[in-house]
Amino acid sequence: MFCIWYRLFTPILMAIALLVGAIVGPAQAIMPEAAEIFATPAKRDPSLSPSGRYASMIWRQDNQFFIGIADLNGVEGTKFFSAGKDTMVLSLNWLTDDRLVAEYTGIEKIEGLITYTDGSRRISAFDRDGGNTTTLFSGNRGLTRWNRNLSTITHYLYDDPDHVLMPARKSNRLHLYKVDVNTGKAELVEKGSENTIYWFANYRGEPILRVDISDYGSYLSFFRKASNASGWEKFKRLEYQDLATIEHWPLAFGQTPTTQYVRARVNGEDRFGIYLYDVEKDEYIRKVFDHPEFDVEEAVLSSQGKLIAGVYYDDRMQIMSDLAEMQDDIRWLNLQFSNDANIMPVSLSSRHSRGLVYVSSPTIAGDYYLFDRQRRQLSLLFRSHPALETGALSATEIMPYTARDGLSLKAYVTHPLGNRHKSAPLIVLPHGGPETRDYYDYDPFVQFLASRGYRVVQPNFRGSGGFGRAFAERGYGEWGGKMQDDVTDAVQQLVARGIAQPGNMCIVGISYGGYAALFGGLQSPELYRCAVSIAGVSDLFVMLEEEKRFGQSEGEVHQYWMKSIGDPVRDRDRLLAKSPRLRAEEYQIPVLLMHGENDGVVYRSHSIYMERALKKAGKSVEYIEIEDEGHPGWRDDKELVRYQAVERFLNKHLPVH
């Protein structure tokens with residue numbers, strides 16, 4: 001049962017350091033506990049008020065949540081408000097300097113950790129002093145009764161600080177409402193359908209785009225206002241797997257009533273860029289940001305939702321902007337961290353006089369800073385993981401290498417502390433996807449393994465995302481083929497350098513990486529002493545059949561996997577040879593399998609059948625099923641189960657001497 005919202009913001013007196021210049025504890029032991037590495041940060045999500053005078057943050061202590069409000073001018077100090085005994089605060093945003101909104105849900109406690117419940121999510125508005133609290137939609141009991149999730153704000157209506165636009169379901173249709181942040185009362189603005197999942201508005205706050213998803217989730221349909229203004233007309237349909245790969249997606253509203261800034265691949269171009277786009281004409285007006293080698297992956301928005309920069313990753317985050325002053329700021333900030341960190345603006349004041357930036361790198365687990373642009377001053381607010389000081393984290397090397405067919409690739413090699421040049425047991429960690437990628441950044445799993453004395457290599461093999469469509473398509477039909485060779489070639493370079501040894505390695509992966517771990521362990525027993533597959537594919541025929549069943553008559557998702565994996569009829573012999581489960585009798589090394597009970601991406605049958613096949617063949621295998629979890633990432637307590645199980649398995653089969 002959720003606390004009533006007016007109880008969530010009872011002021012409490014606390015003897016605590018100010019949010020700005022918060023006290024940071026000394027470095028702890030070189031080998032941090034698993035809970036320290038994988039724990040959800042106790043302090044998170046700071047944001048600036050429109051003027052930049054105030055900063056808010058979410059703070060957790062002893063399984064209770066608080067909201068902190070700091071006066072950055074030092075006049076009012078810092079105040080904390082309790083979020084109630086059983087309430088988890090998910091996000092905070094400022095409406096004005098005097099009023100905020102908070103998204104919240106219930107929590108449950110498991111052995112000292114906290115996790116989300118399956119309960120409703122809501123948003124409440126409250127004054128800066130914690131008073132005058134109103135739950136949005138509270139004036140519409142029918143909507144609050146039938147909507148488990150009322151926590152999405154479509155538009156903040158910057159010229160009307162008393163209202164926001166929010167979607168809500170009525171009669172199972174997702175409509176759009178104008179909600180009063182003082183009374184909670186909602187007024188219907190536009191009607192959606194049973195399949196509607198997103199609404200978008202222009203800079204005036206007028207709805208201009210509706211997005212519906214097909215019955216089986218294979219494609220998205222885009223609707224705009226009909227020319228006669230009597231309804232909505234469908235004008236675009238796109239294949240859908242996730243928002244990272246969809247060919248066109250809105251990022252911010254444009255400066256005219258019918259325009260948006262979108263991330264898109266236009267006219268067969270190889271890489272994603274950011275474009276100014278006219279919804280009414282279905283026309284790309286101009287290219288705003290692009291890069292000749294890498295996809296533009298994200299956008300930086302102002303406090304009022306305007307596009308001010310694009311983001312791409314070579315190895316680390318790079319920000320591109322048309323604003324000369326922002327380019328100067330980013331250049332200066334990068335210099336403060338020796339051009340060796342990822343620096344993302346997370347909150348800006350309305351006139352950009354102050355900003356909050358999030359800084360991370362392999363040796364920085366995530367720090368928040370206040371940036372005073374006029375004074376060129378950078379002040380630490382807090383560290384996401386104060387137990388993980390720089391000295392407790394392992395450095396990562398960017399390693400270019402050449403695949404056996406001449407393709408230029410890169411891998412990230414994280415060395416055990418104090419051992420950059422000597423041989424150490426190697427963990428080979430291919431990423432999932434396969435159309436995702438690894439970055440030069442803080443990775444808790446990598447740091448966990450390195451803290452235990454292992455060297456870790458993460459290859460960005462062909463087929464990875466972020467490098468353009470042609471690079472991703474180089475992986476089509478190469479499951480267990482050239483993609484696997486790319487992983488092996490990164491390993492062989494480390495062997496040639498004398499810092500890794502065949503037979504002193506384990507290959508570990510999640511999702512597609514789990515498949516690569518299973519196949520690598522099968523194909524190269526001379527290299528690997530063991531293999532760990534977490535939510536991994538074990539049978540390519542089963543994978544294709546499951547996707548076909550899921551997509552049913554729509555077929556787009558199935559067609560993608562047919563391109564990525566192969567045709568079960570035309571490519572039958574290859575798929576037989578590349579399916580680990582069908583070659584279980586050939587395994588020579590022990591295998592650990594882990595899977596979420598409710599995984600809807602890679603079904604648990606892959607691990608169940610793999611375990612049966614290995615046991616039938618008399619091989620060494622262990623299977624751990626994670627209750628009530630889907631595809632990774634899992635809740636804090638289940639993440640601990642996962643990585644502690646991996647640590648036990650490695651201690652047994654690949655000990656660090």
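Small disclaimer: the values here were computed from a predicted structure and weren't measured.
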Inset, instruction - Taking the six-membered ring for Trp and the single ring otherwise, decide whether the centroids of H155 and F253 are under 6.0 Å apart. - result: yes
Inset, instruction - Would you indicate whether F541, at its atom CZ, is surrounded by more than 12 heavy atoms from other residues, nucleotides or ligands within a distance under 6.0 Å? - result: yes
Legend entry - Parallel, tilted or perpendicular: rings of W232 and W199 (30°, 60°): perpendicular
Legend entry - Worked check of side-chain hydrogen bond (donor to acceptor under 3.5 Å, both in side chains) between E611 and Y609: CA-CA 5 Å; E611 180 199 27; Y609 295 155; over 6 Å; no
Legend entry - Intermediate values then yes/no, side-chain hydrogen bond (donor to acceptor under 3.5 Å, both in side chains), D278 and Y284: CA-CA 6 Å; D278 192 304; Y284 297 97; over 6 Å; no
Inset, instruction - Say whether, by atom type as modelled, one donor and one acceptor occur between the side chain of D295 and the main chain of F272 under 3.5 angstrom. - result: yes
Inset, instruction - Would you kindly say whether Y275 and Q260 are connected by a side-chain donor-acceptor distance under 3.5 Å? - result: no
Legend entry - Side-chain H-bond candidate by donor/acceptor type, R210 with T196, under 3.5 Å: yes
Inset, instruction - Would you mind reporting whether L251 and I274 have side-chain heavy atoms less than 4.5 Å apart? - result: yes
Legend entry - Flag, side chain of S564 to backbone of W561, donor-acceptor distance under 3.5 Å: no
Inset, instruction - Mark yes or no for whether D127, through its side chain, and G130, through its backbone, hold a donor-acceptor pair below 3.5 Å. - result: no
Inset, instruction - Please check if the side chain of H175 supplies one atom and the backbone of G192 the other of a donor-acceptor pair under 3.5 Å. - result: yes
Legend entry - Whether D539 side chain and V542 backbone form a donor-acceptor pair below 3.5 Å: yes
Inset, instruction - Would you indicate whether the side-chain heavy atoms of R437 and E297 approach each other to under 4.5 Å? - result: yes
Inset, instruction - Establish, yes or no, whether a centroid distance under 6.0 Å links the rings of Y515 and W479. - result: yes
Inset, instruction - Answer yes if the side chains of S350 and S303 hold a donor-acceptor pair under 3.5 Å, and no otherwise. - result: no
Inset, instruction - Verify whether one side chain among Y156 and N93 offers a donor that lies under 3.5 Å from an acceptor in the other. - result: yes
Legend entry - D129 vs I69 side-chain heavy atoms within contact, under 4.5 Å: no
Legend entry - Polar side chain donor-acceptor pair, S221 to D212, under 3.5 angstrom: no
Legend entry - Cation-aromatic face contact R122/Y104, 6.0 Å, 45 degrees: no
Inset, instruction - Assign the ring pair F80 / F66 to parallel, tilted or perpendicular, where the plane angle (0 to 90°) is split at 30° and 60°. - result: perpendicular
Legend entry - V346 side chain near M344 side chain, heavy-atom distance below 4.5 Å: yes
Inset, instruction - Say whether E187 and H163, considering side chains only, have a donor N or O and an acceptor N or O under 3.5 Å apart. - result: no
Legend entry - Heavy-atom side-chain proximity of H431 to Y439 below 4.5 angstrom: no
Inset, instruction - Verify the neighbour count for atom NZ of K236: are there more than 12 heavy atoms of other residues, nucleotides or ligands below 6.0 Å? - result: yes
Inset, instruction - Side-chain contact test, heavy atoms from C-beta onward, threshold under 4.5 Å: evaluate it for V179 versus V181 and give yes or no. - result: no
Inset, instruction - For R469 and R265, indicate whether the former's side chain and the latter's backbone hold a donor-acceptor pair under 3.5 Å. - result: no
Inset, instruction - Without swapping roles, check the side chain of S607 against the backbone of L593 for a donor-acceptor pair under 3.5 Å. - result: no
Inset, instruction - Count the heavy atoms of every other residue, nucleotide or ligand shown that sit under 6.0 Å from NZ of K281, and state whether that count exceeds 12. - result: no
Inset, instruction - State, without any angle test, whether N149 and S151 hold a side-chain donor-acceptor pair at a distance under 3.5 Å. - result: yes
Legend entry - Between T135 and S124: side-chain donor-acceptor atoms closer than 3.5 Å: yes
Inset, instruction - Could you tell me whether a side-chain N or O of E597 sits under 3.5 Å from a main-chain N or O of D628, the two making a donor and an acceptor? - result: yes
Inset, instruction - Show your reasoning for whether ring pair (Phe, Tyr, Trp, His ring centres under 6.0 Å) applies to Y643 and F445. - result: CA-CA 8 Å; Y643 295 118; F445 190 26; 4.4 Å; yes
Inset, instruction - Give me the ring orientation class for Y177 and F137: parallel if the planes are under 30° apart, tilted from 30 to 60°, perpendicular past 60°. - result: perpendicular
Inset, instruction - Look at the side chain of S302 and the backbone N and O of Q304, then say whether any donor-acceptor pair between them is shorter than 3.5 Å. - result: yes
Inset, instruction - Measure the acute angle between the ring planes of F222 and H248, then classify it against the limits of 30° and 60° as parallel, tilted or perpendicular. - result: perpendicular
Legend entry - Residues R224 and E280 bridged, charged N to O under 4.0 Å: no
Inset, instruction - Step by step, work out the side-chain hydrogen bond (donor to acceptor under 3.5 Å, both in side chains) result for E298 and Y313. - result: CA-CA 10 Å; E298 303 171 39; Y313 294 79; 2.8 Å; yes
Legend entry - Residue from V279, L209, I208 passing side-chain contact (heavy atoms from CB on, under 4.5 Å) with P250: L209
Legend entry - E194 and S171, any side-chain heavy atoms less than 4.5 Å apart: no
Legend entry - More than 12 heavy atoms from other groups under 6.0 Å of CD on E269: yes
Inset, instruction - Examine distances only and state if a side-chain atom of S214 and a backbone atom of Y219 form a donor-acceptor pair shorter than 3.5 Å. - result: yes
Inset, instruction - Dump the intermediate steps for ring pair (Phe, Tyr, Trp, His ring centres under 6.0 Å) on Y198 and W249, then the final yes or no. - result: CA-CA 11 Å; Y198 291 105; W249 191 250; 5.0 Å; yes
Legend entry - Under 3.5 Å side-chain donor-acceptor pair for S91 and E103: yes
Legend entry - Min side-chain heavy-atom separation N182-T134 under 4.5 Å: no
